[in-house]
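Order of appearance sets the numbers: ligands from 1, and atoms from 1 within every ligand. Please read all numbers here as calculations on a predicted model, not as lab measurements.
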Amino acid sequence: MESIVDLRSDTVSHPTPAMREAMARAEVGDDVLGEDPTVNRLEAMAAEKMGKQAGLFVPSGTMGNLAAVLAHCQRGEEAIMGNLGHTYLFEAGGISALGGVFANTLPNQPDGTLNLDDVRSAIRGLDIHQPVTRLLILENTHNRCGGVVLTAAYMQVAGELMHLQGLKLHLDGARVFNAAAALGVKAADLAAPADSVTFCLSKGLCAPVGSVLCGSAEFITKARRIRKQLGGGMRQAGILAAAGIVALEQMVERLPQDHARAKRLADGLAGIPGIEFPLGKPQSNMVFVQLNQSLPLTASEVAARLVSHGIKVGVTGPRMFRMVLHYWVDDSGIDRTLKAFQEVLQVQASVS
Ligand SMILES: *Cc1c(COP(=O)(O)O)cnc(C)c1O
């Protein structure tokens with residue numbers, strides 16, 4: 001029986017053998033007391049990679065973004081963000097439920113950016129009827145826009161716009177290393193204009209658990225208290241941080257392989273009648289495709305048939321799929337996926 005090719009997300013990636021070994025050997029202590037040497041090392045490495053003073057190991061990207069928003073904003077204050085952003089769509093409304101922070105959403109452009117004129121007009125004035133604007137959140141790579149990449153130049157201008165008015169920029173950089181690899185720049189170059197940045201260890205970097213929030217030493221001290229409030233203070237977390245260190249040391253540099261495979265998968269799928277790319281061809285490790293009206297199958301029906309060929313894909317709309325490349329999908333996985341799509345869709349074409 002061949003293994004399953006799981007393209008639903010890069011979150012399904014398992015820790016590598018090197019990570020399991022590092023986890024078994026990790027030196028640990030009580031991290032809530034600041035005494036876990038492995039967590040301390042991961043936080044220092046992460047801060048260095050992001051070009052920030054300090055880092056905070058958190059259980060998830062969701063908690064990293066939440067702690068950042070709560071550290072930047074008081075209750076009743078407002079964060080500006082994209083209407084297709086992860087914080088708006090997929091974090092269970094935590095900033096509002098737990099922080100009383102108001103979400104002012106602006107339309108994400110197809111390239112993942114927010115129009116900066118829209119941002120400028122969204123920033124509130126002194127009128128006491130209005131909430132106080134405090135923060136702008138950007139996402140890079142942008143997941144729902146297709147795994148698209150926002151340039152360092154755009155990040156820079158967005159940061160300047162906020163800072164000129166005394167406001168803050170948070171980067172949801174869950175996949176900022178993918179963005180950096182795609183652009184051929186350092187992740188720190190993309191994070192430089194941001195006051196805070198979160199990135200995930202548990203996606204394309206393959207660690208089992210965790211994200212790191214980075215920012216100034218003062219900001220991280222504040223966020224550390226918020227993490228404790230949220231129940232995110234972990235004790236001998238060095239067991240997890242050890243995998244994160246391997247992720248930063250070994251997995252960042254191989255991300256271009258995932259991007260190359262995403263392109264190869266997209267090129268192969270482009271040759272199958274009825275498959276379209278409304279979000280464009282892949283810029284990083286994600287491939288979004290749509291079934292056009294010539295195919296009388298929904299995305300869920302196709303996904304179910306692909307499962308019987310050993311292929312799992314994400315369904316993101318009635319006719320839309322997302323496939324995400326990661327360390328555990330190799331070239332033969334791409335070949336098997338293309339063959340399965342051909343069989344599922346051609347069988348259908350011949351009966352219709
Ligand atoms: C996955 C993801 C997160 C949150 O990560 P979790 O660890 O699943 O909570 C945040 N932002 C983006 C863009 C993501 O893709």
Open item on the list: Within ligand 1, which atoms have a heavy atom of S60 less than 4.0 Å away?
Closed with: 7 (O), 9 (O)
Task: Identity and distance of the protein heavy atom lying nearest atom 11 (N) of ligand 1 - done: D172 OD2, 2.6 Å
- [ ] Would you tell me whether E91 and T62 have side-chain atoms, one donor and one acceptor, within less than 3.5 Å of each other?
- [x] no
Open item on the list: Whether the S196 and H170 side chains hold a donor-acceptor pair (N or O, under 3.5 Å, no angle test) is what I'd like checked.
Closed with: yes
Open item on the list: Between ligand 1 and T141, is the shortest N or O to N or O distance under 3.5 Å?
Closed with: no
Open item on the list: Side chain, backbone, both or neither: which applies to T62 and ligand 1 if a contact is any heavy-atom pair less than 4.0 Å apart?
Closed with: both
Task: Flag for T198-N65: side-chain donor and acceptor within less than 3.5 Å - done: yes
Task: S202-ligand 1 polar pair, N/O distance under 3.5 Å - done: no
TODO: Return the residue, atom name and 0.1 Å-rounded distance of the protein heavy atom closest to atom 10 (C) of ligand 1.
DONE: H86 ND1, 3.2 Å
Task: E48 atom CD, over 12 foreign heavy atoms within 6.0 Å - done: no
Open item on the list: Can you see whether D6 engages H326 through a side-chain donor-acceptor pair at a distance of less than 3.5 angstrom?
Closed with: no
TODO: Could you see which bit of N65 sits under 4.0 Å from ligand 1, with heavy atoms only: side chain, backbone, both or neither?
DONE: side chain
Task: Of the listed options K203, M63, H142, R144, closest to atom 8 (O) of ligand 1 (non-hydrogen atoms) - done: K203
Open item on the list: Side chain, backbone, both or neither: which applies to A174 and ligand 1 if a contact is any heavy-atom pair less than 4.0 Å apart?
Closed with: side chain
Task: Min heavy-atom dist E91 to ligand 1 below 4.0 Å - done: yes
Task: Output field: ring centroids H72/F219 closer than 6.0 Å - done: yes
Open item on the list: So if I count the atoms of ligand 1 from 1 in the order they appear, which ones are less than 4.0 Å from some heavy atom of E139?
Closed with: 13 (C)
TODO: Go through ligand 1 atom by atom and flag the ones less than 4.0 Å from a non-hydrogen atom of N143.
DONE: 15 (O)
- [ ] Would you tell me whether N292 and R319 have side-chain atoms, one donor and one acceptor, within less than 3.5 Å of each other?
- [x] no
Open item on the list: Against ligand 1, does R175 come closer than 4.0 Å with any heavy atom?
Closed with: yes
Task: The one among P59, G61, C200 that brings a heavy atom closest to atom 7 (O) of ligand 1 - done: G61
Task: Close side-chain approach of V197 to L213, heavy-atom, < 4.5 Å - done: no
TODO: With K281 as the cation and F277 as the aromatic partner, state whether NZ or CZ is under 6.0 Å from the six-membered ring centre and within 45° of the axis.
DONE: yes
